[in-house]
Amino acid sequence: MRAWQRPEIPKLPGQSAAPWLYDTATQALVEARPEAAARLYVCGITPYDATHLGHAATYLAFDTLQRVWLDAGFRVHYAQNVTDVDDPLLERATATGVDWQVLAASQVDLFRSDMEALGIIPPNDYVAVTDVVDEIAAAVAQLWDAGMAYTVPTDDSIVDTARLGTVETAGSDIYFDIAAAERLAPWTLGDESNLARPEMLALSAQRGGDPERPGKRDPLDPLLWRAQRAGEPFWPSPVGAGRPGWHIECSVIALKELGTDFTVQGGGSDLVFPHHDMSAGHAAALSGHPLAGVYSHTGMVAYQGEKMSKSLGNLVLVSGLRAAGVDARAIRIALLGQHYRTDWEWTDAHLDAAIARLAAWIAAFGVDARPGQADSGTVIEALRAALVADLDTPGALAVLDAAAAAGAVDDPASVALAVDALLGVTL
Ligand code: 5CA
Ligand code: ZN
């Protein structure tokens, strides 16, 4: 699928070191040092109610990571999915009387235009789930053949019988067998999330799982393939007519585009469990290798006291701010003003502060800035040092604020170039 226009990223003299990132799996800072090319997967949107500032903050964090890798001299291979068929999207389409495909297409278009306006680096591979359903079904069949999947009968599916070995699916849903995968694959439940079972059960119920469903071997076993239901989209497949479960989509797309054991798997902290634990489990079961080396998660942006979320409807949309005439650079600076791993709450004060910052930086480093005595090279190195240390964007912004407040630098254009390359803000 088409992504969006890539921003110009100037090449700077000198270079960053490889970045250090907090890894959710090992709960430690680790050096995200790729061999030649960094391979990054970030979970993409479920296309409705896009693009709110929580989404934007998450994609901006991984944009910053890529800018540091590029500045450190690495190539970057970046893949992202679009969950363009899943329960919440279908529910929204039904509730609003809009065709689900029309809803998804319009929201992906809006997301693209927001990402482009914010100067976010696009993925090299932007993959819609509906474009890889055959590959996902083949992966489900592979898990079945390997003894890591089982059927759960349904009472409301439209029976389409496929034969899996000696078993007739007879309109059954197909689940991942966590216990079998733990025996057969290099993976253990909780490897990424480090959560205990009671927390897992609670989160599974909140985040698309079905721990209460009868007939499952383990309440936490996630759905791999949902058999066809009346009024729902479906695809004929070797595992029966139906549609993909959620976690398997990201495993299949990531393995297809990036291969195994890629550099960083990313997304918001709401995806740590079950989504990233399970996608890593599926990928290990399919490939015999770990999914990724580092599991990186962004904090949640709240608004009016709660996590900004489509289901609550407490949203500030990037497109809304843009339509109100807000400079996209100020939105970017407002988001960069928070560390990517902290949970924080958006208020208009963040935007006002960002607008003031942008003006001060333009005065100090923009085309009309007059050179002075302070050493620009020191400012650029301090900027790099902040970002290398777990993407400390508040630290990077403080470096620029201090330099702007202290009086003129000797080469304002070189600082402006670094702000453009590393923070994606053209002064
Ligand atoms: N399609 C799935 C991932 S496969 C999904 O979670 N889609 S989403 O549209 O709900 O979210 C898209 C991305 O934004 C995810 O990485 C998610 O973790 C992140 N995200 C969602 N809400 C927030 C928020 N309030 N703050 C920060 N990040 C968020
Ligand atoms: Zn995902």
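Side-chain atoms are counted along with the backbone in the values below, which use heavy atoms only and exclude waters and symmetry mates. Counting convention: from 1, in listed order, for ligands and their atoms alike.
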Quiz item: Looking only at N/O atoms, are C250 and ligand 1 under 3.5 Å apart anywhere?
Solution: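 For ligand 1, there is no N or O atom that lies under 3.5 Å from one belonging to C250.
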Quiz item: Can you find an N/O atom of T83 closer than 3.5 Å to an N/O atom of ligand 1?
Solution: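 Yes, since at least one N or O of T83 sits under 3.5 Å from an N or O of ligand 1.
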Looking only at side-chain N and O atoms, does [Y] offer a donor or acceptor that is under 3.5 Å from a partner on [X]?
| X | Y | answer |
| --- | --- | --- |
| T83 | E249 | yes |
| D125 | Y78 | no |
| H247 | H276 | no |
| D87 | W246 | no |

Exercise. Name the orientation class of the two ring planes belonging to Y41 and F262 (parallel below 30°, tilted from 30 to 60°, perpendicular beyond 60°).
Key: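 The rings of Y41 and F262 sit tilted, inter-plane angle from 30° to 60°.
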Does only the side chain of [X] get under 4.0 Å from ligand 1, or the backbone, or both, or neither? Count heavy atoms.
| X | answer |
| --- | --- |
| D270 | side chain |
| N81 | side chain |
| T46 | both |
| K307 | side chain |
| S269 | neither |
| L271 | side chain |

Report yes if the side chains of [X] and [Y] come closer than 4.5 Å at any heavy-atom pair, otherwise no.
| X | Y | result |
| --- | --- | --- |
| Y303 | M308 | yes |
| L255 | T260 | yes |
| L336 | L60 | yes |
| T298 | R341 | no |
| M115 | R112 | no |

Looking only at protein heavy atoms, which one is nearest to [atom], and how far off is it?
| atom | value |
| --- | --- |
| atom 3 (C) of ligand 1 | G44 O, 3.3 Å |
| atom 22 (N) of ligand 1 | H52 CE1, 3.4 Å |
| atom 4 (S) of ligand 1 | W246 NE1, 3.2 Å |
| atom 11 (O) of ligand 1 | H55 CD2, 3.7 Å |
| atom 26 (N) of ligand 1 | V301 N, 2.9 Å |
| atom 8 (S) of ligand 1 | K310 NZ, 3.5 Å |
| atom 27 (C) of ligand 1 | G54 O, 3.2 Å |
| atom 28 (N) of ligand 1 | T58 OG1, 2.8 Å |

Practice problem: Could you tell me whether any N, O or S atom belonging to C250 is less than 2.8 Å from the Zn ion (ligand 2)? | Solution: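 True for C250.
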Quiz item: Within less than 2.8 Å of the Zn ion (ligand 2), any N, O or S from H275?
Solution: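 Checking the Zn ion (ligand 2) against H275, an N, O or S atom does fall under 2.8 Å.
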Is it true that [X] lies under 4.0 Å from ligand 1, counting heavy atoms only?
| X | value |
| --- | --- |
| P88 | no |
| S309 | no |
| H297 | no |
| Y59 | yes |

Quiz item: Given the side-chain rings of Y175 and W225, with only the six-membered ring counted for Trp, is the space between their centroids under 6.0 Å?
Solution: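 No, ring centres 6.0 Å or more apart.
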Exercise. Report yes if the distance between the aromatic ring centroids of F111 and Y59 is under 6.0 Å, otherwise no.
Key: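 Aromatic pair counts; centres sit under 6.0 Å.
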Quiz item: Is R67 salt-bridged to D420, cutoff N-O under 4.0 Å?
Solution: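 No, R67 and D420 are not salt-bridged.
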Self-check item: Under 4.0 Å to a heavy atom of H275 - the qualifying atoms of ligand 1, by number
Solution: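 Ligand 1 atoms under the 4.0 Å threshold to H275: 4 (S).
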